[in-house]
Amino acid sequence: MSVTNNADASRMRTVFFSILFVLLSLLAFSFPAHAQQNDAALNAALSDLNARSFKAKTAAVQALGVYGDARAVAALEALSEGRLYGRKSDKSVVIAERDGKIYRLTDPATGVSAGEATSRELKKIIANNKLRGLIRGVLGQLALSSSDSELRRAAVENVISSPTGGSLALLKSARDRETEDDIRARLETGIATLELGSDDPALRRAAVDRLADGNDPEIKSLLERRLLKNADGSFVESDAQVRAEVQEAVSRINDRLALFGLAEDLIFGISLGSVLLLAAIGLAVTFGVMGVINMAHGEMIMLGAYTTFVVQEVFRVTMPAEAFGFYLLAAIPAAFLVAATFGILIERGCIRFLYGRPLETLLATWGVSLILQQMVRSLFGANNREVANPDWISGAISIGGGVSVTVSRVYIVIFCLVVVAALAAFIRYSRFGLQMRAVTQNRGMASAMGIRTGQVDALTFALGSGIAGVAGVALSQISNVSPNLGQNFIVDSFMVVVFGGVGSLWGTIVGAFGLGIVNKFLEPVSGAILGKVVVLVIIILFIQKRPRGLFALKGRAAEG
Amino acid sequence: MGPISRRLFALESRSGWIAIAILLVIGLFIVPALNLMVPEGSLFHISTFWVATLGKYLCFAILALALDLIWGYAGILSLGHGAFFGLGGYAMGMYMMRQIGDRSVYGNPDLPDFMVFLNWDSLPWYWWGFDQFWFAALMVVLVPGLLAFVFGWLAFRSRITGVYFSIISQAMVFAIMLAFFRNETGFGGNNGLTDFKDILGFNLSQDSTKVGLYVVTTIALLLVYMICRAVVSSKLGRLLIAVRDAESRVRFLGYSVTNAKLFVFTLSAVLAGVAGALYVPQVGIINPGEFTPAKSIEMAIWVAVGGRGTLFGAIVGAFTINGARTYLTGVAPEVWLFFLGALFILVTLVMPQGLVGVYRSIRSGELKDAIRRRIQRVDV
Amino acid sequence: MPFAGGFNVSMSEPVPLNKPAQSILYLEGVSVSFDGFKALNSLNLIIRRGEMRAIIGPNGAGKTTMMDIVTGKTRPDTGRVLFGEDTNLTHLDEAEIANLGIGRKFQKPTVFESLTVFENLYLALKSGRRIRETLFARMRGEQQARIESYLETIRLTERRDDLGGDLSHGQKQWLEIGMLLAQEPELMLLDEPVAGMSDAETEQTAILLEEISRDHSLVVVEHDMEFVRDLDCVVSVLHEGSVIAEGSMDVVQADPRVIEVYLGR
Ligand SMILES: Nc1ncnc2c1ncn2[C@@H]1O[C@H](COP(=O)(O)OP(=O)(O)OP(=O)(O)O)[C@@H](O)[C@H]1O
Ligand SMILES: [Mg+2]
């Protein structure tokens with residue numbers, strides 16, 4: 001099962017580690033007092049770090065871990081980063097920062113300055129990669145006894161992912177102390193994972209039992225490894241009965257993972273659907289309501305995205321750093337205005353002469369789209385422009401079962417629903433919406449009643465274009481901002497509108513989410529591109545059955 | 001039936017025929033002679049590059065005729081004709097690919113290079129037979145024809161017309177493009193088919209082969225023009241125009257609109273396939289770029305600029321625009337898209353009958369009237 | 001008349017009507033609704049072979065919809081539509097029905113605007129309708145002569161080489177009638193043939209229709225009462241999708257229900 005795409009995963013990891021680091025540096029303040037009493041014992045363990053052999057150093061690091069004193073953290077970090085030195089004069093261990101020719105020293109236990117020294121007076125304590133790995137584990141263990149639950153949570157994950165010899169005992173004692181349920185559950189999992197390797201079949205069986213309740217793909221593969229054979233042909237798991245239970249547990253986890261897989265497809269389908277809907281909703285107005293095929297619709301999206309870029313640059317220069325993240329909010333009205341202005345220009349300058357000639361409209365607006373693309377290319381260059389995700393929409397949310405969604409996608413779904421709701425309400429309740437509907441239903445009558453149809457046409461087109469521009473703001477967050485941005489959406493958005501039934505807002509919504517979800521469900525079966533091809537073929541076949549789309553308008557007006 | 005055809009073909013008159021004859025003499029004899037017999041460096045020499053470029057334009061002219069047949073006459077605007085053009089091209093490309101044999105980089109006599117690169121160990125079934133020219137030639141006609149027939153049948157049967165048809169046909173070419181971009185589809189993916197060595201034993205890098213291809217294309221254009229003429233001047237031609245004007249009324253007269261459309265659409269696709277097949281050996285490459293929707297839309301503007309609904313206009317349009325492209329992309333590439341975009345807008349807004357229409361109004365002195373009428377219409 | 005106004009026929013249990021042997025068009029219990037609105041409500045109608053029938057009724061009565069059903073443009077929700085002895089029309093498409101011999105003139109005159117008057121008639125002329133036949137068709141002298149005679153009949157000889165789109169509204173009506181004649185159908189459906197015509201033209205049309213009716217079955221929908229009276233034939237009154245009265249113009253005009261429909265409300 002694919003988890004998330006690579007970019008998401010790596011972003012998640014970065015977030016995770018930066019949190020861990022910040023928390024680790026807070027460790028010293030959060031430790032229970034009892035751990036800080038016996039300075040002598042701590043100092044003894046610290047000076048053992050300066051041993052000759054790696055074996056002895058290893059033992060010292062482990063001892064620090066079991067000892068559980070947060071003051072060891074600084075020393076361990078320094079050791080793994082190569083900043084820990086032995087002072088030749090008194091054989092004590094110090095942390096040294098180079099400052100020009102001399103080194104400034106600090107006492108690792110107290111953090112107090114310990115004077116200066118030259119390089120000749122010091123001897124670097126060398127760590128190898130194995131030791132560094134161990135240190136990472138021990139640092140994690142130290143965090144297990146922190147009073148900060150976030151810190152503990154992170155520490156548990158850390159220990160589970162890179163266990164050492166003493167980890168089992170450590171986890172067990174942590175479990176006994178733990179007050180928070182979810183952390184304890186994770187601890188139990190960790191303990192069970194470690195007990196899988198125990199010599200006692202009964203213990204192993206109990207562990208398998210507990211693990212079978214999880215839905216973690218990693219645990220699944222851990223269990224599956226128990227089913228393999230060793231090089232000599234014997235099973236990794238020697239006990240046949242335990243093996244059967246492992247088998248059973250794996251299949252139970254598989255079932256649960258399948259469910260999560262389904263949920264994942266659904267969630268990603270909804271996410272894709274909302275992107276499609278955003279791209280298509282403006283078309284639903286211009287094509288659906290006015291019957292105008294606007295091939296430059298994609299370029300309205302593109303203009304919105306570039307407006308976002310410009311607003312971002314303006315914020316970067318003129319606003320304080322804290323306000324920078326809000327450029328996105330400012331970009332929404334700006335993009336609407338820019339795209340709507342272009343919309344009015346296109347309608348007044350070109351489309352209005354072509355009403356009733358849809359094929360000509362199609363070609364003329366295609367010409368407009370070429371010009372807009374080239375215009376943007378000339379102004380901003382042909383390359384992608386960087387539009388940053390503000391902090392408040394970065395990161396990812398984990399759903400379990402290895403599934404996680406980036407926050408920006410969640411925001412897009414919400415944003416999309418808000419836009420659609422606002423549009424629907426606007427068309428339904430505003431005076432302009434009423435005029436718009438009147439004009440589309442009976443132009444002659446509306447004009448006889450004193451509605452200025454030309455004005456309504458222009459504004460309707462501006463509305464559709466403006467919404468496309470707003471869609472561009474959202475799409476700038478998840479896709480490359482380049483002059484071709486719009487082209488990538490034009491076929492898709494027409495498909496959505498045609499599939500849903502031209503002129504029906506409902507149809508557009510159902511069409512977008514339907515196509516998005518079908519696409520995502522097809523992807524694992526046929527691959528991303530072929531999935532798209534299959535969807536297009538399905539639409540072409542679907543139109544056989546319902547040439548006017550899912551939610552076709554009936555009546556003579558629709559027969560045109 | 002004099003009056004009928006006179007209106008349909010301004011160029012069917014005697015002067016029209018003379019024009020066609022002159023063009024043929026120039027195309028078939030003078031151009032090749034100026035290339036082959038006049039020494040290089042002479043003022044009158046036409047370089048092989050220009051002969052090949054003209055050959056390319058001729059292919060586009062065939063394509064434009066094919067599109068005009070369905071759009072100008074039957075009112076079906078296909079935005080997916082690149083699919084038929086490209087498929088015809090691929091069929092020919094596959095033949096030439098098989099002709100390479102062990103002269104390829106990897107030197108595998110049984111597999112094209114890109115398949116060796118993909119670690120395929122045998123030729124996929126849909127490549128079978130393409131080492132025979134007759135088979136490839138058959139496929140050039142059959143594959144686009146069949147695709148058009150199936151697609152057209154699905155679309156016309158459910159009465160998908162107008163812009164709906166345009167959008168769906170665009171989706172079709174888009175889907176084909178996506179499929180051909182994949183390596184696994186087995187047509188060379190992104191890079192397509194290229195590095196051709198020879199065709200029917202003639203070395204493609206030789207000037208005489210290039211001139212030969214050019215001459216063949218000229219003759220093909222003439223034949224296609226004749227076929228299209230035969231169609232549009234027949235009763236079927238009237239029927240197509242009737243379908244364009246009032247499709248449902250035609251049904252109540254007892255004609256099957258579906259069959260009429262299906263016939264011209266399939267014919268048009270076959271002609272487009274032929275154009276593609278002639279195009280590929282002259283440019284030496286075919287790749288999925290031919291399937292981008294933008295290319296298919298651009299074909300419509302060739303027809304519109306020339307004057308849709310007139311066969312001669314389609315040819316004029318193909319030459320004008322592609323000539324302008326060759327010139328502009330050489331002189332000022334960034335201007336080209338502005339130019340093309342403006343052309344789309346201007347042609348639809350101010351000269352719906354295209355260059356042929358302008359020419360006619362100038363001849364009949366209607367131009368001033370037409371301009372006055374248009375201004376009035378804009379005022380309303 | 002076999003029956004007059006059978007608007008009460010129940011859907012589940014069609015009342016067996018005595019279908020006269022020589023009927024050319026037979027509608028029984030035909031209903032159709034658009035988005036819940038019943039345009040035809042178990043309509044019964046029988047046209048005898050060779051008969052001319054006028055159908056009147058207020059706007060929205062369902063007259064055009066009735067023609068849509070007969071010519072295959074709209075499918076009925078329920079009911080039977082028979083042409084001639086026993087050809088069921090409800091499953092055929094427009095072209096098939098037209099080729100059976102049913103011709104129609106539309107309420108809004110539709111001629112092919114960018115074909116000449118002559119070409120309009122040429123396409124309508126009864127001859128092979130297959131695509132292959134049209135591709136290889138050659139106009140025979142006899143066909144040309146027939147087209148000329150139709151041109152004469154509809155008084156458009158002078159305008160034979162003008163585009164259909166350039167004709168006046170009334171001339172388009174005439175051209176459409178001419179196309180109908182050229183089709184040589186057994187049954188002609190004319191939807192408001194004299195709308196937009198001057199009085200003189202209307203009179204001429206009435207004469208023409210009477211002429212035509214000698215060897216065709218005709219159904220004429222009209223609002224022009226004088227014209228209908230001139231036709232001097234059986235009149236059916238349609239209201240809310242069913243026939244409410246049938247008989248000669250005088251009889252129908254005296255019917256209280258008809259008076260209510262036309263004057264009440
Ligand atoms: N395709 C359709 N979709 C929706 N409503 C329809 C459709 N066709 C007909 N109707 C409705 O059915 C009713 C009957 O229409 P019809 O055109 O048959 O009336 P009519 O008797 O011909 O009227 P008129 O004398 O004005 O021509 C009308 O209310 C019309 O709006
Ligand atoms: Mg009517």
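Below, chains carry the letters A, B, ... as their sequence lines are ordered, and counting in each starts from 1. If you're wondering where the values come from, they're calculated on a predicted model, not measured in any experiment.
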(request) Would you mind checking which part of B/Phe339 comes under 4.5 Å of any heavy atom in chain A, side chain (CB onward), backbone (N, CA, C, O), both or neither? (result) neither

(request) Could you grab the distance from atom CG of B/Asp68 to atom OH of B/Tyr73, nearest 0.5 Å is fine? (result) 6.0 Å

(message) With a 3.5 Å distance limit and no angle check, can you tell me whether B/His81 reaches the backbone of B/Ala300 through a side-chain donor-acceptor pair?
(response) no

(message) At a 4.5 Å cut-off on heavy atoms, which part of B/Trp336 comes close to chain A: side chain, backbone, both, or neither?
(response) neither

(request) Return yes if some donor-acceptor pair links the side-chain N/O of A/Arg348 with the main-chain N/O of A/Gly454 below 3.5 Å, else return no. (result) yes

(request) State whether the side chain of B/Thr326 and the backbone N or O of B/Asn322 hold a donor-acceptor pair below 3.5 Å, judged by distance alone. (result) yes

(request) Can you tell which part of A/Leu363 gets under 4.5 Å to a heavy atom of chain B, answering side chain, backbone, both or neither? (result) both

(message) For B/Gly72, is there any backbone N or O sitting under 3.5 Å from a side-chain donor or acceptor partner on B/Arg244?
(response) yes

(message) Within the 4.5 Å heavy-atom criterion, are A/Met295 and A/Phe494 side-chain neighbours or not?
(response) yes

(message) Under a 4.5 Å cutoff for heavy-atom pairs, which residue among A/Gln487, A/Arg377, A/Met375 has the most contacts with chain B?
(response) A/Met375

(message) Give the interface residues of residues 367-374 of chain A toward chain B, defined by a heavy-atom separation under 4.5 Å.
(response) A/Gly367, A/Val368, A/Leu370, A/Ile371, A/Gln374

(request) Check whether any side-chain N or O of B/Thr185 sits under 3.5 Å from a backbone N or O of B/Phe180 as a donor-acceptor pair, and report yes or no. (result) no

(request) Below 4.5 Å from any heavy atom of chain A, which atoms of B/Leu79 appear? Answer side chain, backbone, both or neither. (result) side chain

(request) Residue by residue, scan residues 143-157 of chain B and write down, ordered by number, those that have a heavy-atom distance under 4.5 Å to chain A; if none do, write 'none'. (result) B/Phe151, B/Leu154, B/Ala155, B/Arg157

(request) Considering only heavy atoms and a distance below 4.5 Å, find which of A/Pro358, A/Cys350, A/Ala364 pairs most often with chain B. (result) A/Ala364

(message) Using only atom types and a distance under 3.5 Å, with no angle test, would you say the side chain of B/Asn287 pairs donor to acceptor with the backbone of B/Leu193?
(response) no

(message) Heavy-atom pairs under 4.5 Å with chain A - which of B/Gln170, B/Arg182, B/Glu334, B/Met172 has more of them than the others?
(response) B/Arg182

(message) Tell me whether B/Ser166 contacts the main-chain N or O of B/Leu77 through its side chain, where contact means a donor paired with an acceptor under 3.5 Å.
(response) yes

(message) If I compare all heavy atoms of A/Gly469 with all of A/Ala339, which pair ends up nearest, and what's the gap?
(response) CA-CB, 3.7 Å

(request) Output the option from B/Leu178, B/Ile297, B/Val335 having the highest count of non-hydrogen pairs under 4.5 Å with chain A. (result) B/Ile297

(request) Nearest 0.5 Å please: distance from the CZ atom of B/Arg308 over to the CG atom of B/Leu69. (result) 14.5 Å

(request) Would you give the length of the straight line joining atom CZ of A/Arg385 to atom CG of A/Leu485, rounded to the nearest 0.5 angstrom? (result) 14.5 Å

(message) Does any backbone or side-chain atom of A/Leu359 lie under 4.5 Å from a heavy atom of chain B? Answer side chain, backbone, both or neither.
(response) both

(message) Are B/Phe265 and B/Phe165 an aromatic pair, judged by ring center distance below 6.0 Å?
(response) yes

(request) Would you indicate whether the side-chain heavy atoms of A/Thr460 and A/Thr286 approach each other to under 4.5 Å? (result) no

